[in-house]
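Since this is a predicted model, take the numbers as computed values, not measurements.
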Amino acid sequence: MFKIFFSFFIFISSFSFGQTLSSSLDKTTLALGEVAIFKIQILDLEGKNVQIAPRNELLPFHFEMVNDSIAIQKDIYLRSVKFAVFQEGKFTIPEIEIKVGDQILKTIPYEVEVINTAKKGDQINDIMKNKEVDLDVQDYWDMYKFYVLLAFLIIAIIFLIIGIIRWGRKRKDSPAVTTNQTLKDLEKLRKKNYIENENFRDFYVELIEISRAFITKQYQIPADVLLTDDLVEYMKNTNVISQENEKIVEEIFLRGDLVKFAKTIPTKEIMSKDLIEIRDFVKRSTKDVEAENLRNVSVEELSDEDRSKLRKLK
């Protein structure tokens with residue numbers, strides 16, 4: 001009989017002395033940002049494994065973790081979570097499921113109310129007053145030198161870009177560049193052997209076309225749209241081209257019109273002479289442009305050297 005009673009006592013004790021779970025929350029009403037502490041304690045572990053949410057992931061997302069510490073011994077599991085809430089309202093710490101060995105334990109839920117304790121009109125003071133510091137020129141330079149250097153760099157880049165654009169445009173449109181390009185076009189025309197093959201019509205068509213494009217660009221005269229008679233009249237009225245050059249252009253353009261309309265057939269000698277004279281006219285054109293530039297400057301602005309050049313050009 002005693003043995004039966006003792007066995008029953010041992011059986012009851014095995015349930016009475018299992019793991020003991022407890023939890024606590026030190027505050028249920030918090031001010032905005034106030035820190036509270038939530039604790040979990042498990043006793044009588046007997047070395048069993050505890051499975052619970054990992055560190056800093058125990059509470060819902062409204063609860064900002066300040067510190068999450070865990071202490072484990074053979075028979076005790078202690079967890080202390082410090083948290084704060086930065087939003088007004090009521091929030092719940094739900095029941096937390098913990099697995100100890102093969103047994104499932106659950107904490108009780110807690111409701112936390114968060115209130116704003118600040119009142120309208122409250123004066124907010126700094127923890128420390130602003131400290132006034134006297135700064136000298138070197139201090140300001142150390143603070144802002146990178147901005148100053150960056151501003152100078154940007155300005156320099158802008159001026160460099162403007163200079164490159166102006167210089168490139170000037171080089172591209174300069175009389176010397178136009179002259180050299182036209183001389184290359186005339187040389188290409190010569191190499192087509194129109195003169196040797198007596199292909200006079202194509203020769204004069206291309207020669208006049210090259211000459212018109214040159215006059216348009218070099219002298220700013222609309223030679224590409226004017227008829228020959230109108231062009232001759234325009235050159236004489238504007239006096240931009242020297243008389244020597246005007247005469248050559250007039251004679252060759254009129255002869256070219258006659259050839260194009262099959263009213264005359266030039267010889268090889270005349271074709272060669274016209275090509276040479278147009279080429280010489282192109283080479284001399286820079287003097288015409290220089291004279292025109294000097295005429296556009298008032299006499300008071302001219303140096304003695306420029307006045308001498310102008311008299312020679314005339």
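By the ring-ring contact (aromatic ring centres under 6.0 Å, His included) test, F200 is found to be paired with no residue, residues two or more places apart in sequence or in another chain being considered. For Y110, the ring-ring contact (aromatic ring centres under 6.0 Å, His included) partners two or more places apart in sequence, or in a different chain, are F38. Under the ring-ring contact (aromatic ring centres under 6.0 Å, His included) criterion, F63 pairs with F83, sequence neighbours left out. Every side chain to side chain contact (heavy atoms under 4.5 Å, CB included) that E97 has, sequence neighbours left out, goes to I104, K106. In terms of the side chain to side chain contact (heavy atoms under 4.5 Å, CB included) criterion, residue partners of Q51 (sequence neighbours excluded) are, by chain and number, N49, K99. Qualifying side chain to side chain contact (heavy atoms under 4.5 Å, CB included) partners for I37, counting only residues two or more places apart in sequence or in other chains: D26, K39, S80, K82. Looking at residues two or more places apart in sequence or on another chain, you find no ring-ring contact (aromatic ring centres under 6.0 Å, His included) involving F203.
Within a 6.0 Å sphere centred on NZ of K247, other residues, nucleotides and ligands contribute 12 heavy atoms or fewer. Within a 6.0 Å sphere centred on CZ of R201, other residues, nucleotides and ligands contribute 12 heavy atoms or fewer. Within 6.0 Å of the CG atom in L254, the count of heavy atoms belonging to other residues, nucleotides or ligands exceeds 12. Within a 6.0 Å radius of CD in E209, no more than 12 heavy atoms belonging to other residues, nucleotides or ligands are found. Under a cut-off of 6.0 angstrom, the local environment of NZ in K268 is crowded, with over 12 non-hydrogen atoms contributed by other residues, nucleotides or ligands.
Checked for salt-bridge contact, E269 and K273 miss the test: no charged N lies under 4.0 Å from a carboxylate O. Here E46 does not pair with K74 in a salt bridge; the nearest charged N to carboxylate O distance is not below 4.0 Å.
Residue pairs meeting the ring-ring contact (aromatic ring centres under 6.0 Å, His included) criterion with at least one member in residues 220-247: none, sequence neighbours excluded. Residue pairs meeting the ring-ring contact (aromatic ring centres under 6.0 Å, His included) criterion with at least one member in residues 251-272, sequence neighbours excluded, do not occur. Residue pairs that meet the side chain to side chain donor-acceptor pair (under 3.5 Å) test with at least one member in residues 184-199, sequence neighbours left out, are Q181-D185, E187-R190, K192-E206, Y194-E206, N199-D202. Residue pairs satisfying the side chain to side chain donor-acceptor pair (under 3.5 Å) criterion with at least one member in residues 60-72, sequence neighbours excluded, are listed as follows: D68-R79.
Counting only heavy atoms from C-beta outward, the side chains of I98 and T107 approach each other to under 4.5 Å. Contact annotation: the side chain of T92 never approaches that of V112 to less than 4.5 Å [non-hydrogen atoms, C-beta and beyond]. Residues I210 and V282 form no side-chain contact, since every pair of their non-hydrogen atoms from C-beta on lies 4.5 Å or further apart. In this structure, M235 and I221 have side chains that are in contact, with non-hydrogen atoms separated by less than 4.5 Å. For the pair I208 and D257, the minimum side-chain heavy-atom distance is 4.5 Å or more. Considering only heavy atoms from C-beta on, T228 comes within 4.5 Å of R212 through its side chain.
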Kindly list each side-chain donor-acceptor pair under 3.5 angstrom involving residues 140-150, sequence neighbours excluded, with atom names and distances?
{"from": "D142", "atom 1": "OD1", "to": "Q138", "atom 2": "NE2", "distance (Å)": "3.0"}

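With T179 as reference, Q218 is the one residue of K283, Q218, R284 to meet the side chain to side chain donor-acceptor pair (under 3.5 Å) rule.
Residues I276 and F214 fall into different hydrophobic clusters, defined by Ile, Leu, Val, Met, Phe, Trp and Tyr side chains chained together at heavy-atom separations under 4.5 Å.
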